[in-house]
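Each remark here refers to the structure printed beneath this line.
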Number of protein chains: 2
Amino acid sequence: GSQKERSNHKTTKEFSSFLSSPRFPPIMSPVTATLLRHRLRHLRHQIRLNSTSVSPPPPHFNLPLNHPTYLIWSANTSLGKTLVSTGIAASFLLQQPSSSPPAAHSTKLLYLKPIQTGFPTDSDSRFVFSKLDSLSLRRRIPLSISNSVLRSSLPVAESMRRSLKVSESGMCDLNFSEEKTVTGAPELLCKTLYAWDAAISPHLAAEREHATVEDSVVLKMVEQEMECGSQTNVLCLVETAGGVASPGPSGTLQCDLYRPFRLPGILVGDGRLGGISGTISAYESLKLRGYDVAAVVFEDHGLVNEVPLNSYLRNKVPVLVLPPVPKDPSDDLIEWFVESDGVFKALKEVMVSVYLERVERLNGMAKQAGEVFWWPFTQHKLVPEDNVTVIDSRCGENFSIYKASGDNSITQQFDACASWWTQGPDPAFQAELAREMGYTAARFGHIMFPENVYEPALKCAELLLDGVGKGWASRVYFSDNGSTAIEISLKMAFRKFCVDHETLLSLSEDAEEKKHVDVKVLALRGSYHGDTLGAMEAQAPSPYTGFLQQPWYTGRGLFLDPPTVFISNGAWNLSLPESFPQTASEESGTFTTRDEIFDKSRDTSTLATIYSASVSEQLQEYSESSQSAHVGALIIEPVIHGAGGMHMVDPLFQRVLVNECRNRKIPVIFDEVFTGFWRLGVETTADLLGCKPDIACFAKLLTGGMIPLAVTLATDAVFDSFSGDSKLKALLHGHSYSAHAMGCATAAKAIEWFKDPETNHNIDSQRGTLRELWDEELVLQISSHCAVERVVVLGTLFALELKVCFLVRKVPSRDAPGRRYFHAPSGKRCIPHEWPLHVAGDLPPVAR
Amino acid sequence: GSQKERSNHKTTKEFSSFLSSPRFPPIMSPVTATLLRHRLRHLRHQIRLNSTSVSPPPPHFNLPLNHPTYLIWSANTSLGKTLVSTGIAASFLLQQPSSSPPAAHSTKLLYLKPIQTGFPTDSDSRFVFSKLDSLSLRRRIPLSISNSVLRSSLPVAESMRRSLKVSESGMCDLNFSEEKTVTGAPELLCKTLYAWDAAISPHLAAEREHATVEDSVVLKMVEQEMECGSQTNVLCLVETAGGVASPGPSGTLQCDLYRPFRLPGILVGDGRLGGISGTISAYESLKLRGYDVAAVVFEDHGLVNEVPLNSYLRNKVPVLVLPPVPKDPSDDLIEWFVESDGVFKALKEVMVSVYLERVERLNGMAKQAGEVFWWPFTQHKLVPEDNVTVIDSRCGENFSIYKASGDNSITQQFDACASWWTQGPDPAFQAELAREMGYTAARFGHIMFPENVYEPALKCAELLLDGVGKGWASRVYFSDNGSTAIEISLKMAFRKFCVDHETLLSLSEDAEEKKHVDVKVLALRGSYHGDTLGAMEAQAPSPYTGFLQQPWYTGRGLFLDPPTVFISNGAWNLSLPESFPQTASEESGTFTTRDEIFDKSRDTSTLATIYSASVSEQLQEYSESSQSAHVGALIIEPVIHGAGGMHMVDPLFQRVLVNECRNRKIPVIFDEVFTGFWRLGVETTADLLGCKPDIACFAKLLTGGMIPLAVTLATDAVFDSFSGDSKLKALLHGHSYSAHAMGCATAAKAIEWFKDPETNHNIDSQRGTLRELWDEELVLQISSHCAVERVVVLGTLFALELKVCFLVRKVPSRDAPGRRYFHAPSGKRCIPHEWPLHVAGDLPPVAR
């Protein structure tokens with residue numbers, strides 16, 4: 001064992017007996033239960049292992065789908081995975097010529113054992129190789145066979161008396177191989193990709209033999225070796241090591257390691273006493289990672305385990321039972337394979353038919369989608385079938401998409417759309433959220449909300465008030481999405497306004513009289529607050545609010561033109577709207593850094609006075625225009641107008657606006673649906689803006705990009721304006737799934753995950769903000785490009801607007817890898833709310 | 001083995017070799033993959049087992065929380081669950097007097113083994129009993145100990161030479177017991193509840209020994225035996241049998257069997273090779289059923305399995321390692337227990353502190369909730385802290401709620417609220433949905449929708465168009481809740497109307513001109529369509545639409561008074577609104593049966609003519625009232641006005657209304673948010689009404705009561721009215737989580753589950769409707785009670801309105817069991833949208 005291994009062992013051992021450990025000074029005794037828990041927490045941090053750190057994201061891959069490929073999983077070690085692989089191989093390769101016409105194309109089975117420990121004593125690929133050799137002789141069906149071992153640890157190489165160059169990771173290119181060729185015969189290719197000497201778990205063997213391999217390297221290797229060209233009569237088996245959740249060489253559990261491929265699986269179950277439990281749990285671990293299992297197969301031990309298994313699986317996954325395996329170690333198992341032939345034939349047929357059904361479904365999906373879906377924000381007439389993305393799954397930020405055209409394969413694609421709006425969690429977080437979802441559904445299902453409390457809702461509310469609402473909010477109102485959160489915030493603000501201005505409004509009980517009071521919002525032109533009517537009414541007219549979209553829209557607001565800031569020609573610029581007095585334009589100009597824009601010292605600048613005067617004047621003008629018209633709420637998207645075109649509003653202007661409204665007792669709403677939860681580098685944009693709202697709305701990233709949930713936060717003063725002796729004074733707004741447990745649980749998880757430097761490596765733990773994610777110099781360079789109109793960079797946001805002349809050709813919706821564009825919807829040319837087409841880490845070609 | 005067992009075995013065996021089975025006639029060969037799959041499906045039905053049928057719901061229980069109780073789980077058999085129980089017991093009972101002052105109250109450990117097979121050779125309760133006896137002697141700490149075995153199979157009773165009466169289920173009251181009492185000493189009570197002779201899985205033993213026991217009986221027994229009075233220094237251990245997912249005596253997996261109690265657990269893991277995988281999978285199976293695991297503990301086999309386990313658990317659950325257990329069978333393990341004392345002490349402390357934290361949290365939740373939540377539809381001033389329901393979990397239709405007052409316990413309560421709106425799934429379906437949620441989150445997370453396709457969305461859309469949309473709908477528009485679905489439906493309808501009436505509206509490109517066109521909805525007074533502004537505008541004025549709720553509401557509709565039907569005084573009555581001509585009242589009267597009301601032959605009745613004339617007249621009057629006013633859509637809740645007070649509208653009137661609108665090319669919207677998906681006994685109310693809409697909205701039950709999702713279905717003609725060369729003509733409405741995978745996956749599952757007579761036993765498979773759920777005679781009786789104003793009974797709905805005089809006292813919000821009311825919100829007295837207080841299966845006391 002290495003030094004590292006021993007030290008791990010020691011630390012964990014200490015943990016189990018820490019109560020008597022001298023590391024805890026006597027002053028902490030006697031140990032109370034609470035203290036103990038604190039100690040546990042403390043200790044937990046200490047023993048946090050490096051192996052828990054996130055490994056680099058796997059490279060984008062390409063999985064051919066022109067033949068079936070299966071992962072062979074097992075509920076535990078030694079349940080006969082390799083026997084099953086061998087049986088499938090025999091059934092696939094050694095068909096009686098009578099049962100099917102001689103194949104025009106060659107038949108090939110590819111058997112991969114990516115991870116092999118205990119080598120060479122244990123070599124599963126050699127087992128398959130030699131058994132197929134024997135079976136081919138016995139059945140008198142010729143077969144070409146080969147077995148090779150590609151890489152190994154040094155001890156393996158030494159035991160095989162090979163002297164090889166050891167790579168940095170400690171692995172050797174062993175390149176051992178043996179073969180028997182029969183021209184024209186079906187072909188068996190067996191390959192062990194990585195081999196270690198010790199017969200222990202791969203993560204221990206890798207450590208002991210100083211021969212590690214990164215997850216991404218294993219995946220890349222498997223991907224390469226799975227490639228079989230365009231031959232059609234091929235079956236590929238990838239046999240895992242140990243149980244489904246046994247660690248791979250890096251320590252990543254194998255079910256997590258292979259997750260990006262999401263290959264369908266065969267689960268080798270356990271027919272022994274207790275085997276029902278192990279088989280079901282293993283099955284659940286696979287499903288909980290998004291795998292499909294085509295069949296369960298196990299050795300009969302006379303306990304009829306298939307009965308409860310079939311019952312559990314509701315007969316939707318076939319359960320196959322193999323005859324008992326001879327116990328005599330000298331038995332060559334050939335008779336057993338003969339006896340098992342029927343079961344393996346059935347298994348093979350299931351594998352082929354599940355594969356064919358999957359491909360058939362994938363092939364039909366784009367067409368089907370075009371016939372039954374009505375996509376949001378989509379002119380269907382402009383979406384040809386070829387343009388429909390067929391998504392097989394997601395792993396973290398990447399989709400696995402199916403491409404029928406050309407090579408008929410599953411490839412990975414970065415999820416650009418979510419990167420703007422809902423963010424894709426990384427694979428580790430996705431797996432964590434999936435477990436949380438399963439747990440929450442099982443524990444709570446859904447609970448309707450009024451007058452009760454349950455852990456996820458309470459925890460979520462506590463985290464919100466201690467996070468984005470800290471220092472001002474004291475109440476959380478749950479709803480389902482950004483639009484409903486906005487509708488609720490307007491109801492809150494108007495009520496608060498009515499209560500504060502009761503005399504002014506002379507609100508009597510007479511409903512008729514009230515109808516003459518015209519309450520409006522104060523909002524900025526270009527801001528966007530959602531698609532339900534109430535949210536629409538709070539925004540200025542735009543293509544989304546036209547008569548043909550919703551004839552009821554009237555635009556119930558006083559809409560101001562905001563000054564904006566952006567980078568162009570290598571500097572931050574301020575642009576004042578035309579409505580401002582001529583004299584103000586002298587104040588517009590450039591900033592050296594972005595920090596300067598957010599500097600609170602600007603509050604005393606001439607520009608602040610100009611802003612203030614302008615706002616005052618417009619409010620004055622409006623209130624004079626009609627006796628019945630009142631501004632009852634201010635609603636803003638702080639700092640960035642998201643869907644409206646990724647425009648950055650001068651934060652000084654918004655701060656002045658907030659203050660002017662405060663002075664007039666007009667409630668202030670921050671619409672943080674887009675900007676909240678780290679989108680702009682801070683948990684709440686209120687921190688960036690330097691002032692607090694009375695009401696704020698959050699959604700989108702709130703749940704880490706998993707599931708709809710929205711909240712409207714409010715101050716005590718707003719809450720109190722709904723207090724009274726009558727239920728009619730309460731806020732009568734709700735949805736059946738308000739504060740649903742699933743949403744609250746994921747939100748609580750996401751809030752903690754994004755905030756914690758241990759799980760979010762982009763958090764600057766000193767400042768409590770995100771690190772700067774964009775290279776400043778490069779950004780300035782891009783902004784100087786002749787094709788670039790403007791750039792906005794803040795937090796996770798990089799928005800680039802091309803000049804009109806460069807937008808003549810519509811950017812094709814899916815580009816070849818390596819040709820990607822930064823592309824934010826342009827406020828000028830595109831429909832501003834258009835779903836963005838491209839975001840990626842590459843440089844836009846235009847800027848090169 | 002019994003006949004049944006052998007036949008099961010045989011059937012499943014056949015399954016594994018069915019390809020060569022003579023049961024398939026030769027005409028079906030050669031077997032193609034597709035055919036094979038069909039055969040599989042066919043066969044699956046044949047081998048569907050009785051054991052999969054749902055067992056009766058567990059009785060409501062009461063779990064005391066004044067001491068910790070833990071389930072002892074294991075990743076597999078023979079991993080030392082009983083050693084762990086013994087160690088915990090020793091650590092709890094055999095404290096050195098020096099380390100803690102002599103307890104004023106007695107210390108007691110209760111060890112329960114509900115299910116024991118292999119008895120009496122294997123008796124875990126006897127093992128704990130005898131080891132504690134030895135350890136007490138060795139440590140010289142006096143102990144009172146007892147061991148008893150309550151019930152057993154006949155073979156067990158015979159082997160113990162007892163002749164006992166065998167009950168119907170085959171179990172005997174064995175009542176064996178042994179004890180050693182030391183006055184004032186700590187106490188150990190060991191109990192085996194049910195024992196079988198064969199050392200096999202309980203479900204097999206129960207079958208072979210003809211001694212079965214229902215799940216609910218096991219639970220009741222465990223509940224009784226866990227009761228320890230008000231003693232405080234008590235620890236209770238309930239040790240399971242086999243692995244976490246090993247079947248119990250009825251065949252139900254133990255993790256499902258004990259789920260209603262949701263006791264916290266200790267997981268005994270596996271320290272052997274392959275044990276990491278088994279331990280993690282077992283842990284996941286527990287979490288996937290909503291259990292909390294306080295600690296993982298396992299025997300050291302020198303493989304450092306705790307390292308990857310700690311890494312997986314992110315150090316949030318302690319992992320404790322026990323020293324290797326001596327292999328020598330003659331070893332009495334006493335030395336081992338001494339050696340393990342530190343680990344068990346730590347484990348015990350964790351158990352106590354996790355328990356204390358849980359109770360502390362539960363105690364504080366009601367207060368916390370009152371301070372941070374802003375509940376929907378709730379006047380907070382009227383909700384005292386005592387009234388807040390603290391919900392620990394849900395199992396199917398029941399909550400587990402925490403009651404701090406009095407006995408400090410977890411009790412079960414029927415979820416009346418969900419029974420009106422979102423329905424609680426049964427425990428089996430909840431578990432199934434939880435697995436589906438975990439799988440979907442892991443496979444897809446969330447996928448933003450435009451221009452792509454993924455399985456859950458496609459499958460959900462297909463099921464909708466083949467189900468509730470069958471025969472008319474061809475497009476599915478996804479959104480997040482009923483309100484948004486309604487907003488979308490209005491946008492669709494208005495567009496269709498505008499396209500159909502282009503000339504009439506003389507819609508030019510001039511936006512100013514359009515503003516003079518006043519498009520309204522036609523709706524029924526008393527219908528309710530949601531809380532966002534657009535949905536509010538489509539309903540008649542009510543307490544929810546007042547100026548103080550939303551000053552923007554104007555009520556953009558022509559609202560008609562509908563005729564209603566209801567049962568009173570033992571008969572179905574028709575009540576016409578006052579607005580109808582005097583002559584019409586002659587037509588109102590009674591119906592003999594409900595079917596008569598839905599009879600299509602009424603279309604040719606005089607009343608139909610009266611309805612038609614009335615609708616025509618009102619439409620005519622309205623269109624004459626203003627040149628610019630147009631009715632652009634009809635929106636109705638078919639048959640039942642849900643939130644508006646559970647009023648049943650005469651279906652003939654709604655059918656006439658639909659026809660009148662059709663004749664005028666006014667698009668028809670069915671708001672099936674409340675009525676859809678079997679609420680009224682049919683999947684879609686369109687079937688009940690006997691006519692089809694152009695657009696329909698669904699939500700609530702769509703996802704089986706789990707998670708928010710809504711859909712708006714539309715005809716091709718409606719869809720086509722958005723087609724054009726410009727994106728501006730598209731329906732520009734969407735939410736970030738439109739068609740989220742989680743919602744679509746649960747919806748697909750729920751649609752299938754509710755429809756399938758195999759999973760929904762209330763489906764009348766012949767008629768494709770729900771069976772009649774209410775006793776007709778009883779309903780008529782109730783309606784004749786002097787306190788009853790009206791009753792409406794349809795599908796799952798039983799709504800009862802009390803007469804005003806009986807509503808003076810507000811029904812207390814949580815009643816003692818056995819004193820429940822059927823109580824639908826009254827349209828007259830209560831605020832109609834009030835969350836209903838009570839629904840249950842018992843008879844209302846007033847009607848007795």
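Treat the numbers as computed from the prediction; the structure is a model and nothing was measured. First the proteins, then the strands, lettered A, B, ... as listed; each starts at 1.
Heavy atoms of B:Y477 lying under 4.5 Å from chain A belong to its backbone as well as its side chain. Residue contact with chain A, scored on non-hydrogen atoms closer than 4.5 Å, involves the side chain of B:N76 exclusively. At a 4.5 Å heavy-atom cutoff, the contact between A:E537 and chain B is made by backbone and side-chain atoms alike. Both the backbone and the side chain of A:A457 come within less than 4.5 Å of a heavy atom of chain B. Looking at A:L303, both its backbone and its side chain come within 4.5 Å of chain B, counting heavy atoms on both sides. Neither the backbone nor the side chain of B:A431 comes within less than 4.5 Å of any heavy atom of chain A. Looking at B:V519, both its backbone and its side chain come within 4.5 Å of chain A, counting heavy atoms on both sides. If you measure heavy-atom distances from A:M742 to chain B, the contacts under 4.5 Å come from the side chain alone. For a residue to count as touching a neighbouring chain, one of its non-hydrogen atoms must lie under 4.5 Å from one of that chain's; by this rule A:R556 touches chain B with backbone and side chain alike. Contact annotation for A:F373: both backbone and side-chain heavy atoms come within less than 4.5 Å of a heavy atom of chain B. In this structure, chain A has a heavy atom under 4.5 Å from the side chain of B:L465, while its backbone stays farther away. Only the backbone of B:S474 comes within contact range of chain A, with heavy atoms under 4.5 Å apart. A:H733 touches chain B through backbone and side chain together, each having a heavy atom under 4.5 Å away. Only the side chain of B:L382 comes within contact range of chain A, with heavy atoms under 4.5 Å apart.
Distance alone, capped at 3.5 Å, places no donor-acceptor pair between the A:H446 side chain and the B:A418 backbone. B:E487 places no side-chain N or O within donor-acceptor distance of the main-chain N or O of A:T532, the cut-off being under 3.5 Å. B:E306 places no side-chain N or O within donor-acceptor distance of the main-chain N or O of B:L320, the cut-off being under 3.5 Å. Put simply, the side chain of B:Q430 gets close to the backbone of A:A441: a donor and an acceptor are under 3.5 Å apart.
With chain B as the partner, the residue from A:G438, A:G534, A:P708 showing the most heavy-atom pairs under 4.5 Å is A:P708. Heavy-atom pairs under 4.5 Å with chain A peak, among B:Q368, B:R262, B:H740, at B:R262. Among A:I276, A:I707, A:V244, A:V390, the residue making the largest number of heavy-atom pairs under 4.5 Å with chain B is A:I707. In terms of heavy-atom pairs under 4.5 Å with chain B, the best-connected choice from A:Q550, A:H380, A:R495, A:Q549 is A:Q549. Between chain B and the options A:L433, A:D480, A:T77, A:L253, the largest number of non-hydrogen pairs under 4.5 Å is found for A:D480. Per-residue counts of heavy-atom pairs under 4.5 Å with chain A were compared for B:S277, B:G290, B:G242; the largest is that of B:S277. Chosen from B:P551, B:A245, B:A730, B:S393, the residue pairing most often with chain A at heavy-atom distances under 4.5 Å is B:A245. When each of A:I391, A:N452, A:N481 is checked for heavy-atom pairs under 4.5 Å with chain B, A:N452 comes out on top. Per-residue heavy-atom pair counts under 4.5 Å with chain A were compared for B:S281, B:G274, B:G243, and the maximum is reached by B:S281. When the candidates B:V383, B:T484, B:I200 are compared by the number of heavy-atom contacts under 4.5 Å with chain A, B:V383 comes out ahead. Chain A forms the most heavy-atom pairs under 4.5 Å with one residue out of B:F494, B:W552, B:F444, B:Y439, and that residue is B:W552. Heavy-atom pairs under 4.5 Å with chain B peak, among A:L273, A:I447, A:I280, at A:I447.
Atoms CZ and CG, on A:R443 and B:L288 in that order, are 14.5 Å from each other to the nearest 0.5 Å. Between B:K491 atom NZ and A:L548 atom CG the span is 12.5 Å, to the nearest 0.5 Å.
When all heavy atoms are compared, the tightest approach of B:L458 to A:A369 is CD1-N, 4.2 Å.
Between A:Y454 and A:F449, the ring-plane angle classifies as perpendicular under the 30° and 60° cut-offs.
Taking the side chain as every heavy atom from C-beta outward, B:K287 and A:R435 never approach each other to under 4.5 Å. In this structure, A:Y737 and B:T422 have side chains that are in contact, with non-hydrogen atoms separated by less than 4.5 Å. Annotation: side chain of A:F399 is not in contact with side chain of A:T389 (no heavy-atom distance under 4.5 Å). No side-chain heavy atom of A:Y312 sits under 4.5 Å from any side-chain heavy atom of A:V319.
Remark: A:K729 pairs with no residue by the salt bridge (Lys or Arg N to Asp or Glu O under 4.0 Å) rule, at least two apart or across chains. With sequence neighbours left out, the salt bridge (Lys or Arg N to Asp or Glu O under 4.0 Å) criterion links A:R289 to A:D256, B:E284.
Of the N and O atoms on the side chains of A:S723 and B:K381, not one donor lies less than 3.5 Å from an acceptor on the other residue.
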